[in-house]
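Counting convention: from 1, in listed order, for ligands and their atoms alike. Counting begins at 1 with the first residue of the sequence.
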Amino acid sequence: MVAIDGLPPLREVIRDHDLVAKKALGQNFLLDLNLTAKIARAAGDLHGCDVLEVGPGPGGLTRGLLAEGARRVLAVEKDPRCLPALAEIAAHYPGRLEVIEGDALAIDVRAHLTPPIRIAANLPYNVGTELLIRWLTPPEWPPFWQSLTLMFQKEVAERIVAKPGTNHYGRLALLAQWRAEAKIVMVLPPEAFTPAPKVHSAVVHLTALPEPRFPADPKVLERVVAAGFNQRRKMLRQALKGLHPRIEAMLEEAGIAPTERAERVSLEEFCRLARILAAG
Ligand code: SAM
């Protein structure tokens, strides 16, 4: 039997290559090619783009990205057991799939990619969050990527798109929304994966803005936001007191009440405070 793209169905691929899911690698596979094509479409128009996929596994999303017209896919996979299955996909789409075996956290892949570049991944949540933060915090903007389309646990996705004053608002929301447009484009039940995880998942699509919404030095902003949300229940004059001896006056200058808590402070206010701190 063949699937819509002329390759074997993913269940057969997993059986034939004996890809028993490993918990330590966060392996929850997507086996429905209609669903992976839908995720690939959520990544935007892939024609003429290089796509970086992290954690292709048996290749469900990889096949979606290629079928939806990606010029090239560069896939980084840590589990060597997946490489033969990925080699079959590469043979089916000559010259369009390059696979690198290794840890995406340790490899700089930029030399393998030609702009415009989009990134798409269904990753274990801890690796995904770490990579997201790295992709969002380069010193220069715009970044090397145009968009990120990433699967997370639904609760993490909610933290990325959260607005001030809500439970999920914090460091992730501020870093994501400062220099990108972030939205949840799909929510998936546990049964969409094999094996099924315990919680719902969601796909977040982030588009890089041409420039940050408000000016600020990335390092100073990160420091302020990290300190503010590290002790999110404390008043800001307390939570930020290690940053500067005159922090209370600086908060006032930024138009933020020193008794306020980080979760009620907007992105614009955090950026203003970061500029005042940077000026000294
Ligand atoms: N993309 C496939 C899919 O949607 O069915 C697999 C998704 S599975 C949730 C996560 C994949 O990421 C696994 O194939 C796993 O081996 C791989 N992985 C885990 N940690 C990784 C890392 N640090 N670098 C690269 N790949 C990693």
Item to check | Set of residues satisfying ring pair (Phe, Tyr, Trp, His ring centres under 6.0 Å) with respect to Phe152, sequence neighbours excluded | outcome: none

Item to check | Any donor-acceptor N or O pair under 3.5 Å, side chains Thr62, Glu53 | outcome: yes

Checklist entry - So, Glu263 and His168: side-chain donor and acceptor under 3.5 Å apart, yes or no? => result no

Checklist entry - Do Arg110's NZ or CZ and the ring of Phe144 fall within the cation-pi criteria of under 6.0 Å and 45°? => result yes

Checklist entry - Would you call the rings of Phe270 and Phe229 parallel, tilted or perpendicular if under 30° counts as parallel and over 60° as perpendicular? => result tilted

Next on the checklist: Quick check on Arg232: does its CZ atom have over 12 non-hydrogen neighbours (other residues, nucleotides or ligands) under 6.0 Å away?
Outcome noted: yes

Checklist outcome for this item: Counting only non-hydrogen atoms and a 4.0 Å cut-off, the residues near ligand 1 are Leu25, Gly26, Gln27, Asn28, Phe29, Leu30, Glu53, Gly55, Pro56, Gly57, Val76, Glu77, Lys78, Asp79, Gly102, Asp103, Ala104, Asn122, Leu123, Pro124, Val127

